[in-house]
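All remarks here apply to the structure that follows.
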Amino acid sequence: MDTPADLGPLGILEALLFVSESPLSLERIEELLDGCSRAEVRRLLVDLQEKYGQPERGMLLSEVAGGYRLMTKPEAAPWVQRLRGSKPTRLSRAALETLALIAYKQPITKPEIEAIRGVMVDGVLKTLVERDLVRILGRKPEVGRPILYGTSRSFLEYFGFKDLSELPTLKEIEALAPNAAGKEASDEPVAQSEKAE
Amino acid sequence: EYKRFKEAAMTFEELEAGQSLLYARPADPAIPIADGPLEVSLSALFRAFAAVMQRAPEARAVEITPETINVGERMVALLDRLALQSPVSFMALFEGVTTRVQLIATFLGLLELLRRGLVRARQAEPGSEITIYRTVETGVGADGHPG
């Protein structure tokens, strides 16, 4: 492909990241910048990250959801919100709890979620699917073939995870919790759910 | 057990707060997500759906049923249907769907599947029958037997 002689691969990479609506994976960048090896792409990304790291720049290069994307710096948020005319809508506590359950126990069915949460989750689940944070993975091969839910790529983007392995383990979360009484030694959920206090 | 997820939710909340300060380029609705050309115009799809709706029974105001409409479920049902038979005619996808709201949910589900590139729609020539065919296998091999 012909590219203007004075625009180096760094400039091209920046342009690609600017127009991309979703994070660009290393493989995809390598493919687009034909002629650049994986190692060269990595070096370009580090270069760009350093350039954006300077305090006068308004953007940052973030590694999220299996790729790289340009985002505005948190310091710029008040002005971006002014431009957009709105603040981002945050998830309700019920939605966050259901989402956490799905994230750690996926693939999981609605009855299984309800058994743990002890409440109906139809409305919350609908919201999460509509916001594309939760997706339908398929159906469980059992009576009634209930739908199996799991987290989506948008989920990773929303919380800034590179991939699912970046989720804090439940053990880590327990350690952070101020008054985590009755700790269990393993990460595995206990077979029987105990009554919430 | 649930307590742990409550704590996990708190962690998620903190992450959400941090991430909500970072803005990325919004998705441009003018650019279709699916790769490849759209083989049928959107207006042709809407015309076909209008024909489906005309055949549907009239909505009666007296009858209020607490029916839960779930586009996601309709999407799964459509993919299940296409697992059995693909390609299938546009009209055939609406067979057995009786209420107007369910017809609309099914159509929305179909549009979403098209947008995500999970199914494709083809029309040989303007005015002819639209056929829908699936482009991918379902996400997880939840059941070992393919359709």
Side-chain angles (χ1 to χ4, degrees), chain A residues 18-22 60 62 69-77 80 84 87-88 90-91 93 96-97 99-101 103-104 107 116-118 122 126 129-130 135-141 145 147-148 150 157-161 168 170 173-174 176-177 180 182 184 189-190 192-194 196-197, chain B residues 1-33 35 66-80 83 105 108-109 112-113 115-116 118 136-147:
Chain A
F18 171 72
V19 294
S20 181
E21 285 175 10
S22 52
L60 54 85
S62 149
R69 83 183 311 179
L70 290 179
M71 303 194 85
T72 59
K73 285 187 179 169
E75 295 84 356
V80 179
R84 292 260 176 103
K87 287 195 175 186
R90 304 268 282 270
L91 293 170
R93 180 44 69 93
L96 282 165
E97 284 174 11
L99 190 54
L101 238 165
Y104 285 101
I116 299 173
R117 286 210 54 209
D122 299 76
K126 186 166 167 274
V129 171
E130 275 169 5
R135 68 196 175 104
I136 293 163
L137 298 176
R139 283 177 185 270
K140 195 170 188 178
R145 302 189 72 226
I147 294 174
L148 287 165
E157 290 176 24
Y158 189 79
F159 291 100
F161 295 122
L170 289 176
I173 287 167
E174 250 174 39
L176 285 174
E184 275 126 23
V190 284
Q192 274 190 328
S193 58
E194 282 147 43
E197 54 262 306
Chain B
E1 179 178 16
Y2 178 38
K3 202 158 170 248
R4 293 205 274 184
F5 294 106
K6 272 180 123 84
E7 284 157 9
M10 267 146 70
T11 309
F12 277 25
E13 198 170 22
E14 284 164 26
L15 290 168
E16 181 190 37
Q19 286 295 312
S20 73
L21 298 174
L22 310 183
Y23 286 82
R25 161 173 295 274
D28 185 347
I31 299 171
I33 290 172
D35 285 341
E67 194 176 14
T68 44
I69 311 301
N70 187 328
V71 175
E73 274 174 20
R74 296 310 304 161
M75 285 164 66
V76 173
L78 284 168
L79 285 177
D80 280 354
L108 290 176
E112 182 62 19
L113 290 174
R115 187 182 76 88
R116 296 191 187 182
L118 296 173
V136 287
E137 294 307 307
T138 33
V140 289
D143 49 353
H145 44 86

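Note that these values count all heavy atoms, side chains included, but never hydrogens, waters or copies made by symmetry. First the proteins, then the strands, lettered A, B, ... as listed; each starts at 1.
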Under 4.5 Å, counting heavy-atom pairs only, tell me which of [options] racks up the most with chain B.
options                                 : result
Ser20(A), Ala103(A), Ala77(A)           : Ala77(A)
Val80(A), Val129(A), Leu99(A), Leu70(A) : Val80(A)
Pro74(A), Gly150(A), Ser62(A), Ala76(A) : Pro74(A)
Val19(A), Leu96(A), Asp122(A)           : Leu96(A)

Side chains of Val71(B) and Met75(B), heavy atoms from C-beta outward: is any pair under 4.5 Å? yes
Is the shortest heavy-atom distance from the side chain of Arg84(A) to the side chain of Tyr23(B) under 4.5 Å? yes
List the steps and the verdict of side-chain contact (heavy atoms from CB on, under 4.5 Å) for Leu91(A) and Tyr158(A). CA-CA 11 Å; Leu91(A) 293 170; Tyr158(A) 189 79; 3.8 Å; yes
Whatever's closer than 4.5 Å to a heavy atom in chain A on Glu73(B) counts as both
Listed by chain and number, what are the salt bridge (charged side-chain N to carboxylate O under 4.0 Å, His left out) partners of Arg90(A), not counting sequence neighbours? Glu16(B)
Residues which pass side chain to side chain contact (heavy atoms under 4.5 Å, CB included) with Arg93(A), listed by chain and number, not counting sequence neighbours: Glu97(A), Met10(B), Glu13(B)
Region of [X] in contact with chain B, defined by heavy-atom distances below 4.5 Å:
X         : answer
Arg69(A)  : side chain
Phe18(A)  : both
Ile147(A) : side chain
Leu60(A)  : side chain
Glu75(A)  : neither
Lys73(A)  : backbone

Closest non-hydrogen contact found for Arg139(A) with Val76(B) is NE-CG1, 3.0 Å
Rounded to the nearest 0.5 angstrom, the CD-CZ distance for Gln19(B) and Phe12(B) is 12.5 Å
Check this for me, if you would: do Arg115(B) and Glu112(B) make a salt bridge, where the nitrogen-to-carboxylate-oxygen distance has to be below 4.0 angstrom? yes
